[in-house]
Peer 1: 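Here it is, the structure in full.
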Amino acid sequence: MTAIRTIGVLTSGGDAPGMNAAIRAVTRTAIYNGFAVKGILRGYRGLVEDEIIDLQSDSVSNIVQQGGTMLRTARSQEFMTPEGRRRAYDNMKRSGVDALVVIGGDGSLSGAAIFAREFDVPIVGLPGTIDNDLGGTDATIGYDTALNTIVQAVDKLRDTASSHERLFFVEVMGHTAGYLALNGAIASGAEAAIIPEMETEVDQLGELINQGFRKSKNSAIVLVAENPATGGAMGLAERVKQEFPQYDARVTILGHIQRGGSPTAVDRILASRMGAAAVEALIEGQRNVMMGLSDGKIVYVPFSRAVSHDRTIDRSAMDLIRILSI
Ligand code: F6P
């Protein structure tokens, strides 16, 4: 095994607030421990296309508070092919990068596992996604900020919903996971959350909406996790309108607003701790593990578990939404 002298860092897949704080923590912890650091631009695409830059301590100044990622991000088709990964490996070696820190979601970490196996490269990962859908960690970088963005938006929608006595379906992101919808609903006092992990019949939903209208606030808000299979909030609203024409229903899709903005303190701290831990993990000789958070402590989660989608939604959270909206 070659000794690690230079650590490369990249962000890949959908951007998430806090990625910059993570890049900063990786860079500065690596420099503190005597490593050289290189930033790979546009995720794996930058490895394939040889877009690799030097990172010094001042390269990451003033970014802890910024959303997005200073390294840019992409989803690379080429890296999905053996030829693309071979080019990526050759570029990595030519630029002297001995080990990688990959910051991204399940697609990015799955790619990391394949690359590490094929070329025997030391790689550790950080969970960078607003979706909070990675196994073995209580939280992912960007989730808390996205949740706060959702809550702020729903608070505003509540003003107009109650003024007009309307029903709002608010679509939030989540890929195939309902965490943003579920916890967004609890935090904003929504009447219901529709999530891919649990089926909700239109009749059941009608009952929940009725509850909202029986209350003094005279409006109802339903958070819907994006789901192409069901047509998301639009599809749901159409079905509900047919069954319950008495409601003046509207749909709001929050979209990519949820991915932007300055990270919350929670995300900055999480990203800083995980970024530093990733470098320490490489020093310890760890590889093929993602940094996770469990009971407030940083833990190493094998890539295979991180991407396994083995986390189950807490049913009691669904019950809580129902109970608190009566
Ligand atoms: O994985 C993060 C995420 O925000 C998902 O919730 C969403 O489905 C997806 O990215 C959309 O990504 P894009 O529009 O960049 O393809």
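Whatever order the structure lists ligands and atoms in, that order sets their numbers, starting from 1. Index from 1, following the sequence.
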Peer 1: Could you check E165, R158, R166 and say which one makes a side-chain hydrogen bond (donor to acceptor under 3.5 Å, both in side chains) with S219?
Peer 2: R158

Peer 1: Just grab all the salt bridge (charged side-chain N to carboxylate O under 4.0 Å, His left out) pairs involving residues 31-57, residues at least two apart or on different chains.
Peer 2: K38-D54, R42-E51

Peer 1: List the residues meeting salt bridge (charged side-chain N to carboxylate O under 4.0 Å, His left out) with R85, not counting sequence neighbours, and say none if there are none.
Peer 2: E118

Peer 1: Taking atom types as modelled, find out whether S57 and R28 have a side-chain donor-acceptor pair closer than 3.5 angstrom.
Peer 2: yes

Peer 1: Taking atom types as modelled, find out whether T264 and D144 have a side-chain donor-acceptor pair closer than 3.5 angstrom.
Peer 2: yes

Peer 1: Can you list everything that forms a salt bridge (charged side-chain N to carboxylate O under 4.0 Å, His left out) with E238? Sequence neighbours excluded, please.
Peer 2: K241

Peer 1: Show the distances, to 0.1 Å, for all pairs joining an N/O atom of ligand 1 and a protein N/O atom that are shorter than 3.5 Å, listing one pair per line.
Peer 2:
{"unit_1": "ligand 1", "atom_1": "1 (O)", "unit_2": "D131", "atom_2": "OD2", "d": "2.8"}
{"unit_1": "ligand 1", "atom_1": "4 (O)", "unit_2": "R259", "atom_2": "NH1", "d": "3.0"}
{"unit_1": "ligand 1", "atom_1": "6 (O)", "unit_2": "D131", "atom_2": "OD1", "d": "2.7"}
{"unit_1": "ligand 1", "atom_1": "6 (O)", "unit_2": "D131", "atom_2": "OD2", "d": "3.2"}
{"unit_1": "ligand 1", "atom_1": "6 (O)", "unit_2": "G174", "atom_2": "N", "d": "3.1"}
{"unit_1": "ligand 1", "atom_1": "6 (O)", "unit_2": "H175", "atom_2": "N", "d": "3.2"}
{"unit_1": "ligand 1", "atom_1": "6 (O)", "unit_2": "E226", "atom_2": "OE2", "d": "3.1"}
{"unit_1": "ligand 1", "atom_1": "8 (O)", "unit_2": "E226", "atom_2": "OE2", "d": "2.5"}
{"unit_1": "ligand 1", "atom_1": "10 (O)", "unit_2": "R259", "atom_2": "NH1", "d": "2.9"}
{"unit_1": "ligand 1", "atom_1": "12 (O)", "unit_2": "R259", "atom_2": "NH1", "d": "3.0"}
{"unit_1": "ligand 1", "atom_1": "14 (O)", "unit_2": "H256", "atom_2": "NE2", "d": "2.7"}
{"unit_1": "ligand 1", "atom_1": "15 (O)", "unit_2": "R75", "atom_2": "NH1", "d": "3.1"}
{"unit_1": "ligand 1", "atom_1": "15 (O)", "unit_2": "R259", "atom_2": "NH1", "d": "3.3"}
{"unit_1": "ligand 1", "atom_1": "15 (O)", "unit_2": "R259", "atom_2": "NH2", "d": "2.8"}
{"unit_1": "ligand 1", "atom_1": "16 (O)", "unit_2": "R75", "atom_2": "NH1", "d": "3.0"}

